[in-house]
J.: 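Pasting a structure here, questions to come.
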Amino acid sequence: MSKARTSVRPIRAASARVRAVLPDRAVLATMRRSPRRDLLAGLTVAVVALPLALGFGIASGLGAQAGLVTAVVAGALAALFGGSSLQVSGPTGAMTVVLVPIVHRYGPSGVLTVGMLAGVLLVALALARAGRWMAYVPAPVVEGFTVGIAGVIALQQIPAALGVSKPAGDNVAVVAARAAVRFATTPHWASLALAAGVAAVMLLGARLRPTVPFSLPAVVAATAVTALADLPVARIGHIPAGIPAPSLSFLHPGALPGLLAPAVAVAALAALESLMSATAADAMTGGERHDSDRELFGQGLANLVAPLFGGVAATGAIARTAVNVRSGAASRLAALIHAAVLAVIVLAAAPLVSGIPMAALAGVLIATAVRMVEVASVRALARAGRGEAAVLLLTAVATLAFDLVTAVVAGLAATGVLALRAVARSAGLKRVPLHADHHQDEPILPAEHIAAYRIDGPLLFAAAHRLLPELIEQAQVAVVILRMSRVSAIDATGALALGEAVERLTRRGTVVLVSGIRPDHLRPLEALGVLRQLHVQGRVFATTPEAVAHARAGLHHSGVLPHQAPAPTS
């Protein structure tokens with residue numbers, strides 16, 4: 001019977017984790033509380049999302065239809081199963097930046113496979129309850145990452161905005177420079193005017209009327225001008241009406257091992273961007289609070305299913321989520337309506353979409369990239385300290401020069417180095433007076449014979465090699481008392497450095513006494529045998545007064561204190 005119960009427990013635990021990430025009745029019931037507000041918000045978001053879905057689909061390399069399908073399928077699934085009531089998901093600029101090199105290397109089938117693998121990884125992260133760990137990404141890394149992505153998105157649109165074919169190259173800055181040279185040779189002023197006009201309308205409109213979505217009217221106007229004037233510019237072209245039937249024809253089992261690394265990068269980005277967007281939605285409402293693990297599950301399911309219909313990898317979209325919140329959305333019904341409206345467009349209005357100029361979509365994405373950068377946040381972090389500014393700049397430059405994964409890793413590494421530096425600086429070594437530990441009727445011990453040093457803060461590897469050589473240099477006395485009651489943490493390197501300092505002082509003829517070691521610090525010290533000899537000699541004390549009394553007795557015994565009768569020697 002006990003064996004049966006033991007075997008059932010893992011199943012129950014797994015079942016409980018699955019139930020925890022699935023939407024319950026309470027979550028679904030929220031969609032009834034204000035359907036009219038959700039309808040208006042969903043329509044507004046759909047207006048904003050349409051040109052973005054088209055643009056990001058084209059920018060990813062799989063075409064406009066892939067962007068629309070992603071917005072419909074992934075948007076609906078993430079809205080229904082996600083952990084945020086107000087999150088809007090779909091193709092995003094950050095994900096496009098990651099997908100472009102995957103398309104070049106592995107082709108469209110590779111991108112679809114990577115999206116599906118990323119979905120599996122996201123579901124696994126959700127079941128492992130890893131959502132909470134995403135909150136520990138430092139703010140300078142996030143801001144630098146966003147600035148870098150904005151730069152990459154803008155540079156990616158330069159060829160389309162200039163009306164030239166995309167030059168060869170892997171680095172977006174190099175490709176943009178080559179496109180500019182090609183434009184200078186054979187200018188295409190109509191394309192440049194369309195892109196600049198759409199971007200200007202969006203940016204000026206957002207400044208004058210922040211609540212009005214200007215992207216779709218700007219694209220409609222650009223399309224109308226192009227058609228009426230018969231401008232010689234590239235257009236989206238034919239888009240099949242309807243959503244493709246689900247298929248696994250793109251999946252080749254032999255290619256899976258080689259696609260695992262890109263899938264990890266896509267999953268990491270999807271998790272990071274989605275949880276950032278959900279957190280931003282919480283901050284804008286003040287009352288909402290998303291479930292991180294449920295959000296990862298919803299995004300995982302969306303990315304798992306979207307490739308079956310030809311969609312690319314999706315994430316929570318910060319810009320569309322912000323529009324949703326500001327439009328008065330009350331529940332996840334608004335995001336579902338947004339997906340439904342886009343589905344209607346795919347089914348009924350695909351021929352109208354085919355006439356949109358590529359330059360107009362380039363203008364939409366350039367304006368979107370500009371609006372991604374929160375100038376106030378960047379300035380605030382730059383003023384917060386040189387370290388934060390350096391991490392932000394490093395992450396942004398690495399995003400432009402390499403890729404997003406390299407950029408985030410570089411930013412996290414730099415943040416870690418700065419944190420260790422701060423830890424090292426917070427630790428200190430201070431010579432403290434002895435008279436505070438003496439009774440009034442006892443003579444004060446001469447400073448040239450005995451000294452007490454207090455170690456404050458963490459005795460970790462970043463600080464130990466700075467503090468302990470300083471101790472050896474300063475402690476030119478007969479007896480040294482190391483007061484360790486204020487050591488907040490100690491690691492193996494710090495313990496070994498402490499042992500080396502004790503050994504060098506002992507070899508020099510200095511008697512070393514240690515006091516106030518906290519119980520939780522004994523483990524590394526005892527495991528490494530740092531204080532073994534001092535324990536044997538009885539030179540480790542619970543309190544500093546005990547150590548001082550031992551030092552006094554030793555000095556009396558040796559005759560160092562002439563005003564006290566020396567104890568008889570053995």
Side-chain angles (χ1 to χ4, degrees), residues 42 45-46 49-82 88-92 95-96 98-100 102-120 122-123 234-253 255-256 259 262-263 266-267 270 298-315 317 320 335-356 358 361:
V45 175
L50 176 59
L52 292 176
L54 294 169
F56 289 136
I58 293 170
S60 70
L62 266 69
Q65 186 186 31
L68 286 172
V69 168
T70 304
V72 173
V73 177
L77 288 172
L80 186 59
F81 292 94
V88 179
S89 300
T92 63
M95 189 58 73
T96 300
V98 174
L99 295 179
V100 168
I102 299 175
V103 173
H104 289 165
R105 186 169 180 181
Y106 301 103
S109 63
V111 171
L112 298 178
T113 305
V114 163
M116 182 173 284
L117 289 175
V120 173
L122 287 169
V123 170
R235 294 169 172 81
I236 290 178
H238 174 68
I239 298 177
I243 296 175
S247 171
L248 277 171
S249 59
F250 62 87
L251 189 62
H252 303 289
L256 294 180
L259 294 173
V266 169
Q299 296 296 336
L301 193 61
N303 281 286
L304 190 59
V305 176
L308 299 177
F309 298 89
V312 297
T315 75
R320 275 156 276 178
L336 285 170
I337 291 172
H338 135 271
V341 171
L342 293 179
V344 172
I345 292 173
V346 172
L347 293 170
L352 298 176
V353 171
S354 63
I356 296 175
M358 299 288 286
L361 292 181

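Numbers here are sequence positions counted from 1.
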J.: Do S60 and V111 touch side chain to side chain, with heavy atoms closer than 4.5 Å?
T.: no
J.: With rounding to the nearest 0.5 Å, note down the distance linking CD1 in I102 to CG in L62.
T.: 11.0 Å
J.: For T315 versus M95, what's the shortest heavy-atom pair and its separation?
T.: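 So the two residues come closest at CG2-CE, 3.3 Å.
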J.: Just distance, no hydrogens or angles: give the donor-acceptor pairs under 3.5 Å from side chains in residues 67-76, sequence neighbours left out.
T.:
| residue | atom | partner | partner atom | Å |
| --- | --- | --- | --- | --- |
| T70 | OG1 | A66 | O | 2.6 |
| T70 | OG1 | V312 | N | 2.8 |

J.: Going by heavy atoms in the side chains, are M358 and I58 under 4.5 Å from each other?
T.: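 Answer yes - side chains close enough.
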J.: Does some side-chain heavy atom of F250 sit less than 4.5 Å from a side-chain heavy atom of P307?
T.: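 With C-beta onward as the side chain, the pair touches.
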J.: Run the side-chain donor-acceptor check on residues 335-354: report pairs under 3.5 Å with partners two or more places apart or on a different chain.
T.:
| residue | atom | partner | partner atom | Å |
| --- | --- | --- | --- | --- |
| H338 | ND1 | A335 | O | 3.0 |
| S354 | OG | P351 | O | 2.5 |

J.: Which atom pair, heavy atoms only, marks the closest approach of P246 to F309?
T.: CD-CE2, 3.6 Å
J.: Which heavy-atom pair separates A49 from R320 by the least distance, and what is that distance?
T.: CB-CD, 3.7 Å
J.: When rounded to the nearest 0.5 angstrom, what distance separates CG in L54 from CG in L361?
T.: 6.0 Å
J.: Would you name the heavy atoms of A313 and V266 that are closest together and state the gap between them?
T.: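 Heavy atoms of A313 and V266 come nearest at CB-CG1, 3.7 Å.
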J.: Side-chain contact test, heavy atoms from C-beta onward, threshold under 4.5 Å: evaluate it for L256 versus L251 and give yes or no.
T.: yes
J.: Check residues 112-119 and write down every donor-acceptor pair under 3.5 Å in which the side-chain atom is one partner and the other belongs to a residue at least two apart or another chain.
T.:
| residue | atom | partner | partner atom | Å |
| --- | --- | --- | --- | --- |
| T113 | OG1 | S109 | O | 2.8 |

J.: Could you state the interatomic distance from CD1 (I236) to CD (Q65), rounded to the nearest 0.5 Å?
T.: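 Result: 12.0 Å between the selected atoms.
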J.: For residues A314 and A270, report the shortest heavy-atom separation together with the two atoms involved.
T.: O-CB, 4.0 Å
J.: Would you check if P262 and Y106 make a side-chain contact, meaning some heavy-atom pair closer than 4.5 Å?
T.: yes
J.: Whether the S89 and Q299 side chains hold a donor-acceptor pair (N or O, under 3.5 Å, no angle test) is what I'd like checked.
T.: yes
